[in-house]
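When reading the values below, keep in mind they use all heavy atoms of this one structure, side chains included, and skip hydrogens, waters and symmetry mates.
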Amino acid sequence: MTELFRNAWMGWQQFIETGKLAALLAAALLYLGISGKWKGGTKQRILFRYSTAAALCCIFPVTAVILMVYQTRFYDYYWTWSLVPMTAVTAWAGTEFLNDSWQGFRLKSYRKGLPVTILLLGALALCSGMGRMPFQPEEEGENRRQAQRALADIEQRTDAFPGEVLFWAPKEVQGYAREAYGDLHVVYGRNMWDASLGAYCYDIYAPEIQELYLWMENTDETGTADVDDEEHGKLVLRGEKIMASAAGAGVNCIVLPDRLEPETVKTLAGCIGAETDRLDGYWLLLRGE
């Protein structure tokens with residue numbers, strides 16, 4: 001129960017830090033309430049009351065935890081806000097406010113209506129985000145360029161590769177693999193590290209495949225990864241065992257992080273009978289048929 005309250009609190013903090021539409025919704029509800037616009041008809045009253053109640057349930061920790069339990073742990077906190085018709089209420093309040101400013105949307109009211117319109121558009125632009133993590137173009141662009149260079153080198157080396165290529169790499173490379181080469185097969189996709197991409201799918205990866213990801217992202221220079229896993233506790237993953245699991249899954253094209261020592265890479269390649277090569281910032285292991 002303590003963990004649920006902590007997740008709800010941290011989720012709320014992230015939601016308001018990376019997107020301000022919750023504040024925009026509060027302003028819309030406040031305007032509709034004070035102006036009395038919500039009393040316009042039965043449908044308006046129902047929408048106003050439901051939106052207010054749903055938003056309060058998502059904000060208060062106790063009710064937020066209840067909603068998180070109801071939607072199951074498969075979904076993060078911000079999914080509870082799908083219960084709140086945020087877009088509809090904000091658009092309703094904005095329309096009512098513009099109608100008052102433009103005095104029935106008459107053209108001669110532009111001296112008052114136009115600045116208000118620009119102000120609202122600016123507020124919408126500044127308040128976007130919907131609780132998602134902010135996009136970092138410089139870091140994202142560099143990761144993309146480095147991944148594309150590595151994938152171009154791999155394509156040259158696997159042109160004459162017999163059979164199907166099953167690819168396994170660090171997430172900053174594997175995340176762009178299918179984007180760069182649509183016919184490339186990967187051992188797992190982005191939904192391994194971004195659970196929201198599989199929000200409507202209840203299939204999960206086998207434990208052996210999950211260990212491949214955990215080892216790849218946490219291995220040290222000796223090929224050993226000490227991982228604190230939420231489900232299984234502390235795990236110590238050895239490179240030799242992980243390579244055997246990868247070979248058993250049919251992986252025949254492996255990209256390893258540059259931090260691994262050359263002797264470690266040679267040992268891991270020997271475990272699965274792979275050839276080693278050097279890429280820009282990575283090691284490449286290729287297994288023949």
Rounded distance (nearest 0.5 Å) linking atom CG of Leu279 with atom CG of Leu284: 5.0 Å

CE-OH distance between Met192 and Tyr213, expressed to the nearest 0.5 angstrom: 8.0 Å

For Val251, is there any backbone N or O sitting under 3.5 Å from a side-chain donor or acceptor partner on Arg287? yes

Crowding at CZ, Phe97 (>12 non-hydrogen neighbours, <6.0 Å): no

Would the distance check show the side chain of Thr224 and the main-chain N or O of Asp220 forming a donor-acceptor pair, the cut-off being under 3.5 Å? no

Stepwise, does the side chain to side chain contact (heavy atoms under 4.5 Å, CB included) test hold for Trp215 with Arg238? CA-CA 8 Å; Trp215 180 87; Arg238 308 290 181 184; over 6 Å; no

Whether the side chain of Asn99 engages the backbone of Thr95 through a donor-acceptor N/O pair (distance < 3.5 Å, no angle test) should be reported. no

With a 3.5 Å distance limit and no angle check, can you tell me whether Ser51 reaches the backbone of Phe48 through a side-chain donor-acceptor pair? no

Taking all non-hydrogen atoms of both residues, which atom of Ile272 and which atom of Ala247 are closest, and how far apart? CG2-CB, 3.8 Å

Test side chain to side chain contact (heavy atoms under 4.5 Å, CB included) on Lys37 and Leu32; report intermediate values, then the result. CA-CA 5 Å; Lys37 302 290 185 181; Leu32 292 171; 3.8 Å; yes

CD-NZ distance between Glu263 and Lys266, expressed to the nearest 0.5 angstrom: 5.5 Å

Between CD of Gln71 and OG of Ser82, what distance do you get to the nearest 0.5 Å? 7.0 Å

In sequence, state the C-alpha distance, the side-chain angles, and the governing distance for Leu47 and Trp92, and then conclude on side chain to side chain contact (heavy atoms under 4.5 Å, CB included). CA-CA 10 Å; Leu47 178 59; Trp92 172 25; 3.8 Å; yes

Heavy-atom nearest pair, Val89 first then Ala28, reads O-CB, 4.2 Å

Would the distance check show the side chain of Glu217 and the main-chain N or O of Lys171 forming a donor-acceptor pair, the cut-off being under 3.5 Å? yes

Tell me whether Thr80 contacts the main-chain N or O of Leu67 through its side chain, where contact means a donor paired with an acceptor under 3.5 Å. no

Is there a donor-acceptor contact under 3.5 Å from the side chain of Gln174 to the main chain of Gly189? no

Please report the closest heavy-atom contact between Leu237 and Val227, naming both atoms and the distance. CD1-CG2, 4.2 Å

Looking at every heavy atom in both Leu268 and Leu285, which two are closest together, and how far apart are they? C-CD2, 4.4 Å

Kindly indicate, with the supporting measurements, whether the criterion side chain to side chain contact (heavy atoms under 4.5 Å, CB included) is fulfilled by Glu211 and Tyr205. CA-CA 10 Å; Glu211 288 184 354; Tyr205 290 103; over 6 Å; no

Would you verify whether the NZ or CZ of Arg278 falls within 45 degrees of the ring axis of Trp283 while also being under 6.0 Å from that six-membered ring's centre? yes

Around atom CD of Glu275, are there more than 12 heavy atoms of other residues, nucleotides or ligands at under 6.0 Å? no

Which heavy atom in Asp226 sits nearest to a heavy atom in Val236, and how many Å separate them? OD1-CG2, 3.5 Å

Trp168 and Tyr188: side chain to side chain donor-acceptor pair (under 3.5 Å), yes or no, with the steps? CA-CA 8 Å; Trp168 175 39; Tyr188 50 75; 3.2 Å; yes

In terms of heavy-atom contacts, Thr219 and Arg259 come closest through O-NE, 2.6 Å

Under 4.5 Å between side-chain heavy atoms, hopping through other hydrophobics if needed: is there a path connecting Met86 to Leu83? no

Quick check: does any side chain N or O of Thr63 sit under 3.5 Å from a backbone N or O of Phe60, one acting as donor and the other as acceptor? yes

Judged by modelled atom types alone, do Tyr282 and Glu172 share a side-chain donor-acceptor pair under 3.5 Å? yes

Can you tell me if Tyr77 uses its side chain to pair, donor with acceptor, with the backbone of Cys58 under 3.5 Å? yes

